[in-house]
Structures are given as structure tokens and as C-alpha cells.
Amino acid sequence: MCGALRASDAGKKAVLMGWVNRCRDLGNLIFIDMRDRTGVTQVVCNKELNPAIHKKAGLLRNEYVVAAVGKVKLRDPNTINKNIPTGEVELVAEELRILNESKQPPFLPGETVLPNEEMRLKYRYIDLRRDAMQFNLELRHKVAIAIRSYLSLQGFFEIETPFMTRSTPEGARDYLVPSRVQPGSFYALPQSPQLFKQILMISGCDKYFQIVRCFRDEDLRADRQPEFTQIDLEMSYPQPERVWEVVEGFLTAAFKAAGHEIKTTFPRMSYDEAIRLYGSDKPDMRLPAMTDVREVFMAENLQTLAVNPNLPVIAIRIPKIGELSRKERDEIKPLLTAKGGAKLFEDFKRLEKSFPEAAAKIRQQSRAEAEDLIVVVAGDGKPAEHKSEGGVKPEVKQHDHAVYTAAGLLRVALAQKYAGRHRQFEKTGDPTKDFRFLWVTDFPMFEWDEEGKRWAAAHHPFTSPHERDMEKLESDPGAVRALAYDVVLNGTELGSGSIRIHRQDIQRKIFRSLGMTEEEARSRFGFFLEALEYGTPPHGGIALGLDRIVMILAGAESLREVIPFPKTARAVDLMVDAPTPVSEAQLKELGIRIGRARE
RNA sequence: GGGGACGUAGUUCAGUUGGUUAGAACGCUGCCCUGUCACGGCAGAGGCCGCGGGUUCGAGUCCCGUCGUCCCCGCCA
């Protein structure tokens, strides 16, 4: 292979096949850099030694596919290239064959500047020749293998579940597949194998896992693709801790495969704590927590500042940013996503002038050092609107929540904006600092859906509530905690799981809490409710995003860097040009008529 | 659904206040060159300035629309 030859191979005969990465034609001497996925080797063609070969080498162009046969030669000490692993040797060509020519490619894999993404996606086969992409593909392979073998050794079976399944209107939008045999009926591609894996538990499969594609028809982001890969697993009779242990085990194996020794067990934090301390259910632990500094102000002070005294006052601290200029302080303001009347005091200096004592206490309580940036977020002084929902909705808590999460978003936005200064996001080489894992536990069972004016499942409707909260299901749904947990890494949600409901009566109760009538529940999930009646063992599991894990390991900013054939933000594949309209005949066969195009 | 950035040679970009023939680097073509490795030197080709409309004596530049890519909010049980 092109990356394999070393000084120890000197004198041997070798055959190289690969692409022409670059040619250097010095006249009577031509150097060819040959490339394959393993690396680059220099091939020499000397006119004096072999005029025929030299002549052929002159015909080579970038990205031609060639075979070169010759002797491996140690380079003269002064011509060694320290930049490449094969730099001590070169291949003296005795035979050269052009296996295939290439049109001039729109861009060259060996080039240092990248073309824009549209170009890279359209000519993905050329983009994937780049060593960075080859590295990511290999990384992904290694990580997947490590996880498979770890879980297999732990007694998990990888079991496949259908891609063509049943549409369930809960959750994300489904991708639909029309049925030809049953015109007017549709399969749905799975958003996750959730019900199948639970039924596998009912089937006695005990420990199941699958590295499996999932599909969600929702708007995309840098870290969201319409089809993505989950490491999905489920087991019978576990406590949450048992699931966490398995996840920590395979993540350790995966990170080891990528060259990082991480430490378990991961720290744990309840959802409430995460919101209060980080304003997020996926805290980035590389940055310090926020502090509620409400008490440092006198009631009059809060009034002067037009701040609601009943809401938290949050100090955000970002370390080592240094002094901000006037202009920079102005730039901060738009970063605050106004939520529930959250209000921002970006100018901590001014606060120090008007309320020196309070400011000093804030510094002390948030353990700020001289170079740290402090920003204070508070609730607006205007009396909170009370949109009463029959006394069920916990109004006050909702408003607290809004201030916390607004502060949390600002915290992350500030940290990103000034990442170049505080350098907390840069890799140190120490895995305990570079990879801050966290379990977030005890999620709320329900979320209030403002649009639909109803309670919705925060995780999914098969999640088991805490035993102690069972009686609040009807009286106070907002206070019910679920046996649900997320694994978070550096502020990214890697995976989400729960202990499931295994009793049919409780499952019915949950559907009822979600405002589903008996008939609705039966028509959507009847098969599952029935299965629950035939001796269902307690069970639970989790699913992690493989793409996101590999993305973080690759240090990439987008999932597209670790997916060979990804889609654009509008869910288009630019290489194959999908989706496309289909022929009238195809539609007719499926019994589908396309309505007027959307306005 | 909403907000923002970008779109000029094969590629990455520059293009002043609206003013003559739209530039650079890499790549490409040809010639020269025996130790280069992002080789070097000389010469050359290459443009629907995303698309459509408008303002103007005159538009790459200003305005409106549209298409595409990217980022964010909503959304993603």
C-alpha cells in the first residue's frame, strides 16, 4: 500500500497502486506522489535510467489511477521528507501502467484549501478520497467494531428490526412508504426501534442491541440528519444504574479504539439541578456552573433595577476572557434569547458602580477571578402574566425555568463567541478534561405543550414514572419525575433512555394523562398494550447517536464530516439528486395522486 | 414557519463612491529544468459576476423577486 513502505523495506521489490496525488516534473527527473487510503509514497522516474518509463510518467495527470513496480530505495539523507511516514524511501519505477485516466476533477483531494460544501457533496467520491475523510470513515468503523464486540462479550445479541413499519403519530414526523399491495396504506420508516425492542424483551431476548438507522422528518441542523445511526439497546430487569454501567463500558471501549482512555463512572446530576446550575438539560461541564445571586440584592435594589424579586437572578461566569470593550459588551445583548421576560445586565462594571456591595458578593459567590467575565440575567420586573390552566400547570416554576434556560443559552453562546480567548474548548490531551461526560437523571415525565394546550411525553410515552410520583399522575402531572436519563458529553446529548413501563394498567394511565382516549390508545398501540398483558418483564434501555460520538471524536463541527453520504439542510442528496418526482405510472400503481403544489 | 451569512474563472477568493478591456493564487495547456516533495522559471487558455426583473446615460456593485449552500430559532416523543 502507498502508506506502508519504510526504511526497512529498502532493496525489496514493490508494487504500488493508487492515484496520482501530485507530479513534480524536473525535466529529466519526474517525481510522482502516489496516494491510496493509507498514505502517500514518492515514485521516481529517471530519464537516464529508464527513458521509456520517464516518457510515460510525463503523461500522468492528477487523479490518474496508476500501478508502479520497482525497487524500494533509501533516499539520500539530504532528500528525506520528514513530513510523511514514507519519507525515508522512494520507489524507483521499473514499470509504470496507467490503469485509468481522469478528467480534470473539480477539486483535488491533495489540495489544502477545501471547496465549499455544495461542491464536496456533489462530488462526494472525490471528497472522500481526502485523508481527513478517510480518517473519519476509519474512526467510525473502529468505534462501531469496539461497541459491537464489547456488547457481544457482555451477552447482548444484535437483532434486526423492520425498517418498514407502522406510523405512530407521536413524536417526530414519519417518513412514509406507500404500499402497492394495499393502495392508500403506508408503512413508516422507524424514528427508532422503540416498540420492537420492548417487544423483544417480552419475547425473552433479555439483552438486545442494534447499531441501526433511524429516520425523522424534521428540520436539520449541523448535528441532525434525517437518517442517522443509533446504538440502540434494551435489557430485562435492570436498575438505571445497570444501564449506565453498560453504556459507560461500551463508551470506554469506543474511546479506547479512538485512542482515548476515559474514566468511569460518569458524574450524575438530576434534571432540576442541571437546569438550576447550567440552565440546560445537557450541561457543558467544561465551563463553571451558574450562581443564583438573588440574595445579594436588597428588595429596593431589585425594584430600582426593575427586576422581578420572585424570580432567580443568575450570574454567569466565563473564565479568562479578560476585559471586554464597549463594542463587545454591546454585542452580547443580542445573544440573549428572550424567554419568559428574561433580562440582561451585560455591563457588570456599571453594576459594580451602582451596587458595589452586591457586585462584590456576586464576584465572591461565583468564585470569579479578575480575568473572568460576569454577566447577570434576571427576570423582568413586569408582573408575570398568569395564563391559568385549571391550576394544573405550575406557573411559578415555569417562569423560573424560563430565566434559567435563557441564562443557560446565553452562557453557551458567550462561551462559543469567546472560545478563542478562554480556550476551555481546546483539546489538552487529557481525556478527563477533554471529554466531560455526565448522566442527567430524573427528567420530568411530561412537558406542557403550549400549542396543543396539553401535556406531552417529555421522553416518550413508554417511560416509567418514579414509583413515588405515581399518585400525582392525575393531580399534578408537571411534578411527576420519570425514570429517564440522558448521557451528555461536552454539552451534546449523546443518548437518551429510560426504564419502561411493563404493566399494562400503568401504560393505559399514562396514555390517559396524555389526553388519549381508550379508543385512540387502542388504535395506535393496541398491539403493544396487548403484548404487555402476556407476562412482560421489567425492562429498560437507551439509545446513543453513533454519528455524534464519532463527530466529537473526530473533532468535527458537523455530522456531515462523519457520514459518507449525508444530506443538505433541505434534506437533499446532492450527489444522486434525491428526492425526485416519480413517473405518473409509478404513482398510479401506488394509488397516489399529487395535489396542487404547496403555495 | 421565522431570522442571519454567502453565491464572481475548474477551485479558493479580491473587486474602492455605480464608470474604460472584471483581477490574484492554485488548478489546467505548452515550453525549459537531474533531487523535488505546496518544486521552480517562461508563455498561454479559461468568465451567463447563481437566475429573473427593476433603477440608471451606465450595474459584479443599488433595489425587488427567485434558486442554491451554510448557521441559528421554532421543530426534533
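Residue numbers start from 1 in every chain, and the chains themselves are labelled A, B, ... in the order their sequence lines are given, proteins ahead of strands.
Residues passing the salt bridge (Lys or Arg N to Asp or Glu O under 4.0 Å) test with A/K282: none are found, sequence neighbours excluded. Remark: A/D127 pairs with A/R120, A/R124, A/R130 by the salt bridge (Lys or Arg N to Asp or Glu O under 4.0 Å) rule, at least two apart or across chains. A/E111 is linked by a side chain to side chain donor-acceptor pair (under 3.5 Å) to nothing, counting only residues two or more places apart in sequence or in another chain. Judged as a ring pair (Phe, Tyr, Trp, His ring centres under 6.0 Å), and not counting sequence neighbours, A/H502 has no contacts. Applying the salt bridge (Lys or Arg N to Asp or Glu O under 4.0 Å) criterion to A/R61, with sequence neighbours excluded, gives no partner residue. Residues passing the salt bridge (Lys or Arg N to Asp or Glu O under 4.0 Å) test with A/D442: none are found, sequence neighbours excluded. Partners of A/S167 according to the side chain to side chain donor-acceptor pair (under 3.5 Å) rule, which considers only residues two or more places apart in sequence or in another chain, are A/D174.
Taking the charged nitrogens against the carboxylate oxygens, A/D131 and A/R35 have no contact shorter than 4.0 Å, which rules out a salt bridge. Between A/R173 and A/E218, at least one side-chain nitrogen of the basic residue sits less than 4.0 Å from a carboxylate oxygen of the acidic one, meeting the salt-bridge criterion.
The P atoms of B/C49 and B/A22 are separated by 11 Å, rounded to the nearest whole Å. B/G74 and B/C13 have their C1' atoms separated by 35 Å, with the value rounded to a whole Å. To the nearest whole angstrom, the two P atoms, one in B/G58 and one in B/U21, are 15 Å apart. B/G23 and B/A45: their P atoms are spaced 13 Å apart (whole Å). One P atom belongs to B/C6, the other to B/U61, and the distance between them is 15 Å to the nearest Å. Taking atom P on both nucleotides, B/C73 is separated from B/A38 by 41 Å, rounded to a whole Å. Rounded to the nearest Å, the gap between the P atom of B/C72 and that of B/U29 is 40 Å. Look at the P atom in both B/A14 and B/G41: the space between them is 25 Å, to the nearest Å.
For A/N81, the side-chain atoms get nearest to B/A38 when compared with the rest of B/A38, B/G27, B/C75. For A/L29, the side-chain atoms get nearest to B/G35 when compared with the rest of B/G35, B/C72, B/U11. Here the nucleotide nearest the side chain of A/Q104, chosen from B/G68, B/U36, B/G27, is B/G27. For A/E218, taking side-chain heavy atoms from C-beta onward, the closest of the listed nucleotides B/G1, B/C76, B/A38 is B/C76. Residue A/E118 has its side chain nearest to B/G68 when only B/G68, B/G74, B/C76 are considered. Candidate nucleotides B/G35, B/C76, B/G27 were compared by shortest atom distance to the side chain of A/R224, and B/C76 ranks first.
With centres under 5.5 Å and a plane angle under 30°, the ring of A/F31 is stacked against the base of B/U36.
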Would you mind building the protein contact string for nucleotides 40-45 of chain B? One character per nucleotide, 5' to 3', B for base within reach (heavy atoms under 4.0 Å), S for sugar-phosphate only, - for untouched.
------
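In this structure, A/Q416 atom CD and B/C71 atom P are separated by 13 Å, rounded to whole Å. Taking atom CG of residue A/L220 and atom C1' of nucleotide B/U69, one finds them 13 Å apart after rounding to whole Å. Atom CZ in A/R24 sits about 7 Å away from atom P in B/A38, given to the nearest Å. One atom, NZ of A/K417, and another, C1' of B/G4, lie 14 Å apart when rounded to the nearest Å.
In this model, no side-chain donor or acceptor of A/R22 finds a partner on the base of B/G27 within 3.5 Å. Within 3.5 Å, no donor on the side chain of A/E117 pairs with an acceptor on the base of B/G68, nor the reverse.
A heavy atom closer than 4.0 Å to some atom of RNA chain B occurs in A/Q42, A/N46, these being the qualifying members of residues 35-46 of chain A. A heavy-atom distance below 4.0 Å to RNA chain B is reached by these residues of residues 556-578 of chain A, ordered by number: A/R560, A/T568, A/A569, A/R570, A/L574.
For A/N28 and B/U34, the shortest distance from a side-chain N or O to OP1 or OP2 is below 4.0 Å. Put simply, A/R61 has a side-chain N or O that comes within less than 4.0 Å of OP1 or OP2 on B/U29. Checking the phosphate oxygens (OP1, OP2) of B/C70, no side-chain nitrogen or oxygen of A/N116 falls inside 4.0 Å.
Taking the nucleotide of RNA chain B with the nearest heavy atom to each of A/L121 and A/R221, the more 5' of the two is matched to A/L121.
Across the strands present, B/A24 finds its partner in B/U12; the criterion is a Watson-Crick or G-U wobble pair with both atom distances under 3.5 angstrom. In this entry B/A59 has no Watson-Crick or G-U wobble partner, no candidate having both defining distances under 3.5 Å.
Residue contacts shown for A/A456 are absent, as no nucleic acid heavy atom lies under 4.0 Å away. Heavy atoms of A/E493 sit nowhere under 4.0 angstrom from any nucleic acid atom. Residue-level contact check: A/S192 touches the bases, meaning some heavy atom is under 4.0 Å from a base atom.
A ring-ring contact (aromatic ring centres under 6.0 Å, His included) check over residues 21-59 of chain A, counting only residues at least two apart or in different chains, returns nothing. Within the structure, side chain to side chain donor-acceptor pair (under 3.5 Å) pairs that include any residue of residues 483-496 of chain A comprise A/H459-A/S496, A/D486-A/S496 (at least two apart or interchain).
The structure places CG of A/L287 at 9.5 Å from CD of A/Q416, a figure rounded to the nearest 0.5 Å.
Note on ring orientation: taking the six-membered ring where Trp is involved, the planes of A/F443 and A/Y271 are tilted (angle from 30° to 60°).
Using a 4.5 Å heavy-atom threshold, the side chains of A/K197 and A/T161 count as separate.
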